[in-house]
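Inspection log for the structure reproduced underneath, given as structure tokens.
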Amino acid sequence: MTMDLATLAPLFALLAAVGVFAGLIAGLLGIGGGAVLVPAFYYVFSALGFPQDHLMHVAVGTSLATIVFTSQRSVRTHAGKGAVDWDLLKAWAPWVASGAALGGLVAGSLDTRGLMIVFGSLALLTSAQMGLGNPKTRLGEAPPQGPTRAAWGLGLGFLSALMGIGGGAFGVAILSLYGVAIHRAIGTASGFGFIIALPSMLLFILTGWGEPGRPPYSLGYVNLPAFLLITPLTALLAPYGARLAHKLDVKPLKRTFAVFLGLIALNMLRKAFWG
């Protein structure tokens, strides 16, 4: 497939704009940027005319690859503000990583339509929680221990890997339900990104190895040109978003983003069911 510069230039410009937005959102709300990147990658690859068979896998895998790098800068910035609970992060890490690995394996057994339904459904639930959830609701006054922590961690990693997100959207909600202050929840949840993205990205590379119909220059289900274009932008902008999170009231921003994410989710479900 050959495409001229006039076709590629606006698509690359769109991806660059998406990278800037995703980086800011990642740092500002602690959500890893994947909620923006996955649908953006999918629509760009579709616009380029690549076969649909594995497009959603490539979108999710490439998003996870960018989060490996973005999350590190974001968590360092939040840590500089004293907003990362390292003990909590270390306690949750084994369970979150295990869930992410399982999610990466399950994703390889789904087709593109199945992944679209998973992403759209979970993104819609995330949107509803972000926009309508009561910040005063509590399941406890401290993060859970033992089997409850294991269950939350496994679920967090599993669902995040299936969606191609860094876990912040779920992580902030879970930690807030257990009484963690919002800025500390955002900062700590930003650390889930690397824990989720690394094992699940490796599995997306392995399960996609040799699959036909992927966009050119894809390493398994990770598209290298998109990764190389987006990663520097998201990594550069994530710390600025993290700094803004400590200066702004993030609640109205979360509600605005919730509406945006809800529209993306509904459109993804529309395409999955009706094309």
Side-chain angles (χ1 to χ4, degrees), residues 18 22 25 31-67 96 99-133 151-152 154-171 173-174 192 196-197 199-201 203-208 211-215 218 220-223 226 257-275:
V18 167
I25 288 295
I31 63 168
V36 176
L37 291 179
V38 170
F41 286 146
Y42 175 80
Y43 293 128
V44 168
F45 294 145
S46 295
L48 287 169
F50 297 122
Q52 293 286 315
D53 294 352
H54 302 293
L55 283 195
M56 197 62 183
H57 297 80
V58 176
V60 172
T62 307
S63 171
L64 289 166
T66 68
I67 290 167
V96 173
L102 180 60
L105 286 172
V106 170
S109 67
L110 299 174
D111 58 13
T112 276
R113 182 173 179 269
L115 274 183
M116 289 175 72
I117 293 171
V118 168
F119 181 91
S121 300
L122 292 176
L124 197 59
L125 289 174
T126 302
S127 168
Q129 190 280 326
M130 290 179 71
L132 303 175
W152 277 118
L154 287 168
L156 167 64
F158 178 75
L159 296 177
S160 298
L162 280 178
M163 286 184 70
I165 65 176
F170 297 128
I174 294 168
F192 291 142
I196 290 167
S200 52
M201 176 199 71
L203 283 164
F204 269 83
I205 291 174
L206 291 173
T207 57
E211 289 289 340
R214 293 165 297 138
S218 292
Y221 288 136
V222 174
N223 183 254
F257 183 74
V259 174
F260 173 73
L261 181 59
L263 293 174
I264 289 177
L266 289 171
N267 190 51
M268 186 73 76
L269 290 171
R270 179 191 64 80
K271 288 186 67 69
F273 287 109
W274 295 288

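The line from CE of Met56 to CZ of Phe41 is 12.0 Å long, rounded to the nearest 0.5 Å. Taking CG of Leu102 as the reference point, atom OG of Ser200 lies at 11.0 Å (rounded to 0.5 Å). Note that CH2 of Trp152 and CD1 of Ile174 are 5.0 Å apart. Values are rounded to the nearest 0.5 Å. Atom CZ of residue Phe170 and atom OG of residue Ser160 lie 5.5 Å apart, to the nearest 0.5 angstrom. From Leu115, atom CG reaches atom OH of Tyr221 across 9.0 Å, with rounding to the nearest 0.5 Å. The distance from the CD1 atom of Ile165 to the CD1 atom of Ile196 is 7.5 Å, given to the nearest 0.5 Å.
Taking Glu211 as the reference, His54 meet the side-chain hydrogen bond (donor to acceptor under 3.5 Å, both in side chains) condition, with sequence neighbours excluded. Phe204 pairs by the ring pair (Phe, Tyr, Trp, His ring centres under 6.0 Å) definition with nothing, not counting sequence neighbours. In this view, Ala173 and Gln129 satisfy the side chain to side chain contact (heavy atoms under 4.5 Å, CB included) rule, not counting sequence neighbours. For Phe273, there are no ring pair (Phe, Tyr, Trp, His ring centres under 6.0 Å) partners at least two apart in sequence or on another chain. Every residue two or more places apart in sequence or in another chain was checked for a side-chain hydrogen bond (donor to acceptor under 3.5 Å, both in side chains) with Asp53, and none qualifies. Residues satisfying the side-chain hydrogen bond (donor to acceptor under 3.5 Å, both in side chains) criterion with Thr126, sequence neighbours excluded, are absent altogether. Applying the side-chain hydrogen bond (donor to acceptor under 3.5 Å, both in side chains) test to Ser46 and every residue at least two apart in sequence or in another chain returns Gln52. Here Ile205 pairs with Met201, Trp209, Leu219, Val222 under the side chain to side chain contact (heavy atoms under 4.5 Å, CB included) rule; sequence neighbours left out.
Although no hydrogens or angles enter the test, the distance criterion places a donor-acceptor pair under 3.5 Å between the side chain of Ser127 and the main chain of Ala258. No donor-acceptor distance shorter than 3.5 angstrom exists from the side chain of His57 to the backbone of Thr207, with no hydrogens or angles considered. Using modelled atom types, one side-chain atom of Ser218 and one backbone atom of Pro215 make a donor-acceptor pair closer than 3.5 Å.
Taking the side chain as every heavy atom from C-beta outward, Met116 and Tyr42 approach each other to under 4.5 Å.
Listed here is the closest heavy atom pair of Gly34 and Ser63: CA-OG, 3.3 Å. Nearest heavy-atom pair across Gly213 and Pro51 is O-CD, 3.7 Å. The two residues Val38 and Gly164 have their closest heavy-atom pair at CG2-O, 3.8 Å. Scanning all heavy atoms of the two residues, the minimum distance from Ile67 to Ala197 falls at CG2-CB, 3.8 Å. Pairing each heavy atom of Ala35 with each of Phe119, the nearest pair is O-CZ, 3.9 Å.
For residues 100-117, no pair satisfies side-chain hydrogen bond (donor to acceptor under 3.5 Å, both in side chains), with sequence neighbours left out.
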Report, one line per pair, each donor and acceptor closer than 3.5 Å where one atom sits in a side chain of residues 259-267; sequence neighbours left out.
{"unit_1": "Asn267", "atom_1": "OD1", "unit_2": "Arg270", "atom_2": "NE", "d": "3.0"}
{"unit_1": "Asn267", "atom_1": "OD1", "unit_2": "Arg270", "atom_2": "NH2", "d": "2.9"}
{"unit_1": "Asn267", "atom_1": "ND2", "unit_2": "Tyr43", "atom_2": "OH", "d": "2.7"}

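Thr62 and Asn223 share no side-chain donor-acceptor pair at under 3.5 Å.
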